[in-house]
Amino acid sequence: MKILFLPTAAALFWALFLPVSAAAQQAPTAPLPAGESGFTWALGLSASNGPDYAGSDKRGSNLRPVIGLDIGRYTLSSGGGGSLLDFDLEPRYTGVSARLLDAERLKLSAGLRIGGGRTHDADSPLYGLPDVRKTLRARLSATWMFSPELSLRSSLNQDLLGRKGGTTLQTTLQYEWQITPSTEIGLAAGFTVADSTHLRSFFGVPADVALVRTPFAAYAPGGGVKSTDLGIEIKSAVTDRWVVFGGVRFSQLRGDARLSPIVQKPNDYGVTVGLAYRCCR
């Protein structure tokens, strides 16, 4: 299947760097409380364990930095740092994001991030398949708030550099609640749809390398549902500044992705734990 509505670089530039509307320009800005800065930031470290690639039967662990920075309607996030900036349901995605609309029920944002690559060393089962180059991806996101705890969010991602990253659409239903004033738990269930360009890059086997450079037979998946996911996460402020967080996510490959010859384990899970310092709420 093809996803017909793709964001363009020009539209994304407009969304990120120009005012949302004339009314937004004229709206008065509430003064910050005394002693509070005009931005919030989080810095920390997380450890994760998960499959080497989607569909792998081998697992690996890694450490990565956690970074979050919120200035006005802009957010910079890496390693999940954006979600630690406050206890709320407002989505803060990886990369640089701009909040376009922040109504009571509907929230809109746009963003950019670098990612989506995959390389294979000589020990990888995927050795011999073409590498997938990292690329600049654009994102348009919408969130509908059914209640203060329950939200439905959808995010459209597009490769802007034509590096065969394709287009994906991720939709998630999320429920969050605070079990104490300093501890929040969230449950999420969702699915990801991808076009044929994305699925052929990450799950396909080109005919020119099939059974020659790789033991896999040629395979060219079409677009469709890529995966379904279920996750639980927790974050707790152990002091005014220090936050511990963690989560478990279960994933099932679906459709043509699941049928790929490179997929050895279509159902898998990932675990993340971390610690970050946050300032200044």
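Note that the numbering runs from 1 along the sequence shown for the chain.
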Decide if atom CG of Leu230 counts as having more than 12 heavy atoms of other residues, nucleotides or ligands within a radius under 6.0 Å. yes

If hydrophobic clusters are built from ILVMFWY residues whose side chains come within less than 4.5 Å, do Leu187 and Val273 share one? no

Within the distance-only criterion (no hydrogens, no angle test), does the side chain of Ser201 pair as donor or acceptor with the backbone N or O of Lys164 below 3.5 angstrom? yes

Taking every heavy atom of Gly186 against every heavy atom of Glu176, the minimum-distance pair comes out as CA-CG, 3.8 Å

Might you point out which heavy atoms bring Arg163 and Lys134 nearest each other, and give the distance in Å? NH1-O, 2.6 Å

Under 3.5 Å, is there a donor on one side chain and an acceptor on the other for Ser48 and Thr272? no

With sequence neighbours left out, the residues meeting side chain to side chain donor-acceptor pair (under 3.5 Å) with Thr94 are none

Do Pro125 and Gln264 come close enough that some side-chain heavy atom pair is under 4.5 Å? yes

On a heavy-atom basis, the closest approach of Leu160 and Thr135 is N-OG1, 4.5 Å

Distance alone, cut at 3.5 Å: any donor-acceptor contact between the side chains of Ser97 and Arg139? yes

Indicate, with yes or no, if Ile185 and Phe250 share a hydrophobic cluster defined by side-chain heavy-atom contacts under 4.5 Å among Ile, Leu, Val, Met, Phe, Trp and Tyr. yes

Can Tyr53 be reached from Leu199 by stepping across I, L, V, M, F, W or Y side chains whose heavy atoms are under 4.5 Å apart? yes

Atom pair CG/OG1 of Leu69 and Thr75 - distance to nearest 0.5 Å: 8.0 Å

Output the distance between atom CZ (Phe191) and atom OG (Ser251), rounded to the nearest 0.5 Å. 13.5 Å

For a quick test of your reading: what N or O donor-acceptor pairs under 3.5 Å do the side chains of residues 252-260 make, sequence neighbours left out?
| from | atom 1 | to | atom 2 | distance (Å) |
| --- | --- | --- | --- | --- |
| Gln252 | OE1 | Arg254 | NH2 | 2.6 |
| Arg254 | NE | Thr228 | OG1 | 3.2 |
| Arg254 | NH2 | Thr228 | OG1 | 3.4 |
| Asp256 | OD2 | Gly222 | N | 2.8 |
| Arg258 | NH1 | Leu253 | O | 2.9 |
| Arg258 | NH1 | Asn267 | OD1 | 3.2 |
| Ser260 | OG | Phe203 | O | 2.6 |
| Ser260 | OG | Ile262 | N | 3.3 |

d(Leu76 CG, Ile71 CD1) to nearest 0.5 Å is 8.5 Å

Going only through I, L, V, M, F, W and Y residues with side-chain contacts under 4.5 Å, is there a path from Tyr219 to Leu211? no

Lys/Arg N to Asp/Glu carboxylate O, Arg137 vs Asp159, below 4.0 Å: no

Without swapping roles, check the side chain of Ser83 against the backbone of Gly80 for a donor-acceptor pair under 3.5 Å. yes

Check whether any side-chain heavy atom of Asp102 sits under 4.5 Å from a side-chain heavy atom of Ser109, and report yes or no. no

Between Thr239 (side chain only) and Arg241 (backbone N and O only), is there a donor and an acceptor less than 3.5 Å apart? yes

Side chain to side chain donor-acceptor pair (under 3.5 Å) pairs, two or more places apart, involving residues 119-133: Arg118-His120, His120-Asp131

Asp70 and Arg99: CA distance, side-chain angles, deciding distance, salt bridge (charged side-chain N to carboxylate O under 4.0 Å, His left out) verdict: CA-CA 11 Å; Asp70 189 86; Arg99 292 182 287 279; 3.1 Å; yes

Closest approach of Ala210 and Ala217, non-hydrogen atoms and distance? CB-C, 3.8 Å

For Phe146 and Trp144, take the angle between the two ring planes, folded into 0 to 90°, and tell me which bin it lands in: parallel under 30, tilted 30 to 60, perpendicular over 60. perpendicular

Where does the angle between the aromatic ring planes of Trp242 and Tyr277 fall among parallel (under 30°), tilted (30 to 60°) and perpendicular (over 60°)? perpendicular

Please give me the minimum heavy-atom distance between Pro221 and Gly204, naming the atom from each residue. CD-CA, 3.7 Å

Do Leu173 and Leu106 belong to the same hydrophobic cluster, where Ile, Leu, Val, Met, Phe, Trp and Tyr are linked whenever their side-chain heavy atoms lie under 4.5 Å apart, directly or via other members? yes

Please name the pair of heavy atoms, one in Gly81 and one in Ala42, separated by the smallest distance, quoted to 0.1 Å. O-CB, 4.2 Å

Residues in side chain to side chain donor-acceptor pair (under 3.5 Å) contact with Ser46, at least two apart in sequence or another chain: none

Do the non-hydrogen side-chain atoms of Tyr93 and Gln170 ever get within less than 4.5 Å of each other? no

If you look only at pairs with a residue in residues 198-216, which of them pass as a salt bridge (charged side-chain N to carboxylate O under 4.0 Å, His left out), with sequence neighbours excluded? none

Given the rule in the side chain to side chain contact (heavy atoms under 4.5 Å, CB included) test, do Leu126 and Phe216 qualify, once you have shown the distances and angles that lead to the verdict? CA-CA 9 Å; Leu126 304 185; Phe216 302 116; 4.2 Å; yes

Rounded distance [0.5 Å steps], CZ in Arg153 versus CD in Gln174: 4.0 Å

Is any side-chain heavy atom of Leu43 closer than 4.5 Å to one of Ile67? yes

Taking side chain as C-beta onward, heavy atoms only, is Thr197 less than 4.5 Å from Thr167? no

Could you grab the distance from atom CG of Leu108 to atom CG of Leu100, nearest 0.5 Å is fine? 6.0 Å

Tell me the salt bridge (charged side-chain N to carboxylate O under 4.0 Å, His left out) pairs involving residues 48-62, sequence neighbours left out? Arg59-Asp268

Give, for atom CG of Leu45 and atom CG of Leu275, the distance between the pair rounded to the nearest 0.5 Å. 8.5 Å

